[in-house]
Protein chains: 2
Amino acid sequence: MSVPLYEAKAELFRLLGHPVRIRVLELLQDGPTSVRELLAAIEVEPTGLSQHLAVLRRSSMVTAQREGNTMVYALAGGRVAELLRAARVLLTEKLTGQNELLSELLADEANSGVS
Amino acid sequence: MSVPLYEAKAELFRLLGHPVRIRVLELLQDGPTSVRELLAAIEVEPTGLSQHLAVLRRSSMVTAQREGNTMVYALAGGRVAELLRAARVLLTEKLTGQNELLSELLADEANSGVS
DNA sequence: ATCGTAATTGCGAAAATGCGCAATTGCATT
DNA sequence: AATGCAATTGCGCATTTTCGCAATTACGAT
C-alpha cells in the first residue's frame, strides 16, 4: 500500500481533532442540517465554519447538497458516529475514574488527617 | 461541567492524530513494551519518541513503569484499542468503497470509450 | 439586469505542533 | 564517586494549523 494504514489513521484522528468539527459531526447525527442551522448552534464565524466544513468534505466525512439558496450537509457514512461514540465512552469512563480516585483520596485524607 | 464534552473529544482525537503515537498505541496492544523495543520498531529519534510518549502519558492513555534500567510502557485502558479498531473499520470501508468506485468508473470508461 | 442573502475562497497574521541538538536525570556497575 | 547506558527535558527553528477580513461565487427575487 502506498500509504501505511497507521498514517491514514493518524490523519483521520487529526481531522477529527477540532472542537468545531466535532460539534458539526455531532449535530449531523440528528439528520441533515443547513449551514445556517449549524451557524446558529455552534459559536463560530461563517468563514470559519466554511473552512471546517471544507475539511470534512475533502476527507469525505460529510456530503454537501444545494437546496435552493442554502447548503445542506449530512454525514457521509455511519462509521463516523461509531468513532464519536467510542470517544464518548472512553471519556466518560476516564472522568468517572477520576471522580472515584478523587473520592478515595478524600476518604484517605479524612481518615489519616493528612494536612 | 467546566470543559464541554466536545472539547474533550476534540482534544482526544487531536492527541491521537500523529503517526508515531498511533504506532506506539498499536504496538502496546500486544502487551507492555520497553522504549528500546519501540525505538527498534518505529523509525523515530529517541528524543522524538520520548516527546510523543510524554503526550500519551499526560493524557493518561499509557502508563510508564521503571524496570531496572529501562522504561516499560503499557496501555492505560482497553478503550483506546476500541477507538483504533473503529478507525480501522472506517478506513477499510472507505478504501474498498473507493476501489469499487474506481472499478465502476473503469467499466463505464470501457463501455463508452471516453478518452 | 440588479440586488440581497447564503456560503465559499484567497490571503496574511497569529498560534500551535513537531523536530533535532545539547544538556540533564535515573539507575546500575565498577 | 565515577563511568556508562536509557530515557527525558529544555530550547530554538521550521512547518502546519487556525482565524478573520476582503473579495467572490451561486442562487432567488424584484
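Lettering follows sequence order; numbering is per chain, from 1.
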Contact list for DNA chain D against residues 9-30 of chain A - heavy-atom distance below 4.0 Å = A:Arg14, A:His18, A:Arg21
Under the 3.5 angstrom rule, does the side chain of B:Glu7 hit a backbone N or O of B:Pro4 as a donor-acceptor pair?
-> no
Give one of base, sugar-phosphate or nothing for B:Ser50, where a contact means two heavy atoms less than 4.0 Å apart.
-> base
Under 3.5 Å, is there a donor-acceptor pair between the side chain of B:Arg57 and the main chain of B:Val62?
-> no
So, is A:His52 close to the D:dT17 phosphate, meaning a side-chain N or O under 4.0 Å from OP1 or OP2?
-> no
Short side-chain to backbone donor-acceptor contact, A:Lys94 and A:Val89, under 3.5 Å | no
Can you find a donor-acceptor N/O pair under 3.5 angstrom joining the side chain of A:Gln51 to the base of D:dG20?
-> yes
Between B:Thr70 and B:Gly68, is there a donor-acceptor pair closer than 3.5 Å when you use the side chain of the first and the backbone of the second?
-> no
When the distance from CG of A:Asn69 to P of D:dC27 is rounded to whole Å, what number comes out?
-> 9 Å
Would you say the side-chain atoms of B:Glu37 pair up with the backbone N or O of B:Ser34, donor to acceptor, closer than 3.5 Å?
-> yes
Relative to the 5' end of DNA chain D, which residue comes earlier, A:Thr47 or B:Arg57, by the nucleotide with the nearest heavy atom?
-> B:Arg57
Are any of the side-chain nitrogens in B:Glu43 or B:Arg23 under 4.0 Å away from the carboxylate oxygens of its partner?
-> no
Rounded to the nearest Å, what distance is computed from the CD atom of residue A:Glu43 to the C1' atom of nucleotide D:dG20?
-> 15 Å
Is the distance from OP1 or OP2 of C:dG26 to the nearest side-chain N or O of B:Arg66 less than 4.0 Å?
-> no
Does A:Glu82 come within less than 4.0 Å of A:Arg85, counting only side-chain N to carboxylate O?
-> no
A:Leu39 CG to D:dG20 C1', in whole Å, measures 14 Å
When you check the phosphate oxygens OP1 and OP2 of C:dT8, does a side-chain N or O of A:Tyr73 lie under 4.0 Å from one of them?
-> yes
Spacing of B:Met71 atom CE relative to D:dA7 atom P, expressed in whole Å = 8 Å
When the distance from CG of B:Leu49 to C1' of D:dT9 is rounded to whole Å, what number comes out?
-> 14 Å
D:dA6 C1' sits how many Å from B:Glu37 CD, rounded?
-> 13 Å
Could you give the CD-to-P distance, from B:Glu45 to C:dA23, as a whole number of Å?
-> 17 Å
Rounded to whole Å, the CG-P distance (B:Leu53 to C:dG18) equals 14 Å
